[in-house]
Structures are given as structure tokens and as C-alpha cells.
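For clarity, every value in this text was computed on a predicted model and none was experimentally measured. To find a chain, count down the sequence lines: A is the first, B the second, and so on, and within it residues start at 1.
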2 protein chains.
Amino acid sequence: MRVITDARDQMIRSAATLIRERGVEGTSFSDVLAHSGAPRGSIYHHFPRGKAQLVEEATRYAGEVVAKGLARALDGDDPGAALRAFIATWEAVLRGSDFEAGCSVVAATLEGDRSPAAREQAAAAFARWEELYAGALQRRGVVTDRARSLATLAVAAIEGAVVLARAQRSAEPLRRVARELEELTLTAVTPTTPPSGGP
Amino acid sequence: MRVITDARDQMIRSAATLIRERGVEGTSFSDVLAHSGAPRGSIYHHFPRGKAQLVEEATRYAGEVVAKGLARALDGDDPGAALRAFIATWEAVLRGSDFEAGCSVVAATLEGDRSPAAREQAAAAFARWEELYAGALQRRGVVTDRARSLATLAVAAIEGAVVLARAQRSAEPLRRVARELEELTLTAVTPTTPPSGGP
DNA sequence: GTCTATACGAAGATAGAC
DNA sequence: GTCTATCTTCGTATAGAC
């Protein structure tokens with residue numbers, strides 16, 4: 001059994017954190033070492049393929065963390081609550097960093113032209129998030145195609161809102177997107193029954 | 001009167017194009033010179049503050065190009081049509097680059113922690129796009145607050161969809177987001193009148 | 001496994017000739 | 001204005017000692 005807080009995992013976590021703030025190109029090995037406290041000589045021992053490998057694993061890790069949070073929030077089978085929890089997480093990230101940090105998976109996508117493997121990890125992460133949310137909508141009676149569209153909209157809009165929030169240094173974009181997505185979800189899972197004639 | 005295709009403007013355009021593909025950190029002066037054909041000795045003549053200044057102007061330029069396209073599409077006062085035109089533009093960018101290019105303004109936001117001025121340009125661009133779209137919705141009878149929320153959702157979702165599309169190398173995210181946004185817009189501008197009793 | 005030292009290249013920025 | 005040459009810094013990656 002392996003302890004999950006060994007040096008290697010700590011480096012991956014540090015890399016994910018720094019990539020979130022500075023991007024892939026803006027994060028050097030020295031930065032990761034300083035942040036993680038890992039010894040310099042152990043980089044190529046743990047990551048033989050160098051930075052490309054570290055970025056890949058950091059992207060995969062970041063994707064999994066979000067997926068786990070999303071899955072937990074979806075336990076209650078209430079898509080609206082999951083949406084709120086998901087958005088609240090991002091708002092915490094933004095506020096906790098004074099709007100300096102965003103999503104590592106987005107960063108890996110944008111700067112992943114030099115390492116296709118990192119971009120593939122990013123693609124897998126987005127697909128997983130969409131799948132989780134679409135599944136919850138389907139369990140609440142939304143048909144497959146619509147559930148997929150809504151899930152893609154939710155993931156895209158939230159990730160986009162995080163970008164807008166960073167640029168404008170305000171949580172307002174995230175709140176507006178949250179409001180619209182919640183109402184849309186509510187409408188989708190609630191069959192449009194004409195108002196009955198009262199009691 | 002100044003010709004708009006002089007060396008300086010060409011460098012700005014090249015920078016915007018390259019940033020869209022490789023990000024800010026991934027775009028060097030040498031890249032911009034090779035792409036624009038500008039002479040090496042003229043960099044610090046045209047941009048005394050160096051790369052930071054070039055990135056700022058490229059971000060501003062990219063924001064204006066999109067804003068102009070959006071304003072043109074909104075001429076007809078049909079928000080749905082504008083939405084389609086806006087999305088079609090991004091789909092063309094993605095397909096034309098084999099999903100290697102995205103939005104320079106997003107790139108400037110993510111890597112703009114080293115140059116606050118570039119991020120401010122990005123924030124201004126996003127705000128302008130939102131404002132344009134919200135204005136069109138208001139002219140179609142949507143109340144201010146709702147128009148703002150819908151506009152933020154649209155900008156965030158489309159920018160997010162461009163990121164997803166790059167990662168997954170597919171235009172599908174953009175198409176799904178387009179479908180949902182169009183329906184949402186249609187619902188918002190069409191007052192929910194209960195069906196009248198016939199002709 | 002981890003260390004120090006270093007190779008090697010590329011980046012941004014500057015200086016001085018033309 | 002534009003050129004070439006160069007300075008300085010910093011990045012990844014490697015080599016060899018412990």
C-alpha cells in the first residue's frame with residue numbers, strides 16, 4: 001500500500017496548483033520544486049519523460065479532483081444542487097486566490113499544442129464531467145440528447161465564466177451563469193404541465 | 001492619414017494569430033517576426049515596452065475584431081441570428097486550424113498574471129461583447145437584469161465551448177451550446193403568452 | 001534516491017554601426 | 001529606422017559523485 005502524500009504525488013499536486021495560476025508555459029520545474037519542497041535530483045527519477053509527463057499527470061489529477069467533487073454533489077440525484085456545489089467550488093478557488101487562479105484543465109488545453117498527451121487528458125476530463133452531469137439529468141427524466149446538450153452547456157458555461165471572472169476580477173459572471181443554468185435545469189427536469197385548475 | 005497595413009499593425013495581427021494558437025508564453029518575438037515579415041530591428045522602435053505592450057495591443061485588437069463582427073451580426077436586431085453568426089465564426093476558426101486555434105482574449109486572460117494591462121484589455125473585450133448582446137436582447141423586450149445574465153451566459157458558454165472543442169478536436173461542443181443558447185434566447189424574447197382562443 | 005554541477009538552447013532586451 | 005551582435009537570464013535536461 002502506497003501513501004498518497006509521497007514526494008511524487010506532492011509534485012503533481014503542486015504542478016496542478018501552479019498551472020492553474022500561471023499556465024503550463026509559465027510553470028517551471030524550479031517553481032514546482034520550490035512549491036512542493038521536493039528535492040531537485042528526483043525530477044527525472046519520478047518523471048522520466050520530463051515536463052511533458054508532469055503536465056499530463058497534473059492535468060489528469062486536476063480532472064479527477066473535479067470529477068470526484070461533482071460525483072459527490074450528484075449523489076442526491078438533484079442536478080440543481082450539484083450545479084450549485086460545482087459553481088461554489090470554483091467561486092472558492094477564484095476568491096481564495098484573489099482571482100489569480102483558474103482551471104488547470106483549461107490551461108492544459110490552451111497550451112497543450114506542444115504535448116498532445118496533455119490535451120488528451122484535458123479532453124477526457126471534460127468528457128467525464130459532461131457524462132456525470134448528463135447521467136444525473138437522465139435519471140431525472142431528461143432524454144439522452146437533451147441531457148447531453150445541457151451538460152455540455154453547463155461545463156462550457158462554467159469554465160467560460162471562470163475565465164471571465166478572472167479577467168474582470170469579479171465573481172459576478174459566475175453568479176449570472178449559475179442563475180441561468182439553475183433555472184434551465186429546473187425547467188428541463190420539470191415537465192411543463194399546464195397550471196391545473198387550483199385546489 | 002495612416003495606412004492600416006503598415007509593419008506595426010501587421011505585427012499586432014500576427015501576434016494575435018499566434019497567441020490564439022500557442023498562447024502568450026508560447027509566442028516569442030522571433031515567431032511574430034517570422035510570421036509578419038517585420039524586420040528585427042523595429043521591435044523596440046514600435047513597442048518600447050517590449051512584449052508586454054505587443055500582447056496588450058494584440059489583445060485589444062482581437063477584442064475589437066470580434067466586437068465588430070458581433071455588432072454587424074446584431075444589425076438586424078435578431079439576437080438569434082447574431083448568435084448563429086458569432087458561433088459560426090468560431091467554428092470556422094476551429095476548423096480552419098484543425099482545432100489548434102482558439103480565442104486570443106482567453107489566452108491573454110489565463111497568462112496575463114504577468115502583465116495586468118493585458119488582462120484589463122481582456123476584461124474590457126468580454127464586457128464589450130456582453131454589452132452588445134445584452135443591448136440587442138433589451139431592444140427585443142428582455143428586461144435589463146435578465147438580458148445581462150443571458151449575455152454573460154452566452155459569452156461564457158461560447159468561449160467555454162471553444163475550449164472544449166479544442167480539447168476534444170470536435171465542433172460538437174459548439175453545436176450543442178449553440179442549440180441550447182438559441183432556444184433559450186427564443187424563449188426569452190418571446191413573451192410566454194398563454195395560447196389564445198384561436199383566430 | 002538524491003545531490004551538485006553543468007551542458008545546451010531560447011527567450012527578452014540592449015548597444016552601437018549603418 | 002533598421003541592422004547585426006551580444007548581454008543576461010532562465011528554461012529543460014543530463015552527468016557523475018555520494
Report task. Indicate yes or no: does B:Arg95 engage B:Glu91 in a salt bridge with an N to O separation below 4.0 Å. Result -> yes
Report task. Please list all pairs passing the ring pair (Phe, Tyr, Trp, His ring centres under 6.0 Å) test where one or both residues lie in residues 18-39 of chain B, with sequence neighbours left out. Result -> B:Phe29-B:Tyr44
Spacing between [X] atom [atom1] and [N] atom [atom2], to the nearest angstrom:
X	N	atom1	atom2	value
A:Met11	C:dG1	CE	C1'	13 Å
A:Phe29	D:dA13	CZ	C1'	9 Å
B:His45	D:dT4	NE2	C1'	18 Å
A:Tyr44	C:dA7	OH	C1'	13 Å
A:Asp6	C:dT2	CG	C1'	15 Å
A:Leu18	D:dG11	CG	P	12 Å
A:Leu33	D:dC10	CG	P	16 Å
B:Glu25	D:dC10	CD	P	13 Å

**Report entry** side-chain hydrogen bond (donor to acceptor under 3.5 Å, both in side chains) involving A:Glu64 - partner list, sequence neighbours excluded
**Finding:** none
Requested in this report: Go through the structure and list residues passing side-chain hydrogen bond (donor to acceptor under 3.5 Å, both in side chains) with A:Glu131, not counting sequence neighbours.
Outcome: A:Arg128
Query raised in the report: Is any side-chain N or O of B:His46 closer than 4.0 Å to OP1 or OP2 of D:dT2?
Result: yes
Please tabulate, for side-chain N and O atoms in residues 153-160 of chain A, each donor-acceptor pair with protein atoms closer than 3.5 Å (sequence neighbours left out).
none

Query - Any donor-acceptor N or O pair under 3.5 Å, side chains A:Gln168, B:Glu120 - result: no
Report task. Would you list the pairs meeting salt bridge (Lys or Arg N to Asp or Glu O under 4.0 Å) in which at least one residue belongs to residues 17-29 of chain B, sequence neighbours left out? Result -> B:Arg22-B:Asp31, B:Glu25-B:Arg114
Requested in this report: Just grab all the salt bridge (Lys or Arg N to Asp or Glu O under 4.0 Å) pairs involving residues 38-53 of chain B, residues at least two apart or on different chains.
Outcome: B:Arg49-B:Glu56
Nucleotide N/O of nucleotides 16-18 of chain C paired with protein N/O under 3.5 Å:
none

Report summary line: Sorted by chain and residue number, the side chain to side chain contact (heavy atoms under 4.5 Å, CB included) partners of A:Thr89 (sequence neighbours excluded) come out as none
Report summary line: Under a 4.0 Å heavy-atom cutoff, the residues of residues 47-56 of chain A touching DNA chain D are A:Gly50, A:Lys51
Query raised in the report: In residues 36-43 of chain B, which ones come under 4.0 Å of DNA chain D, going by heavy atoms?
Result: B:Pro39, B:Arg40, B:Gly41, B:Ser42
**Report entry** Those residues that, when tested against B:Phe126, pass ring-ring contact (aromatic ring centres under 6.0 Å, His included) (two or more places apart)
**Finding:** B:Trp129
**Report entry** Those residues that, when tested against B:Tyr61, pass ring-ring contact (aromatic ring centres under 6.0 Å, His included) (two or more places apart)
**Finding:** none
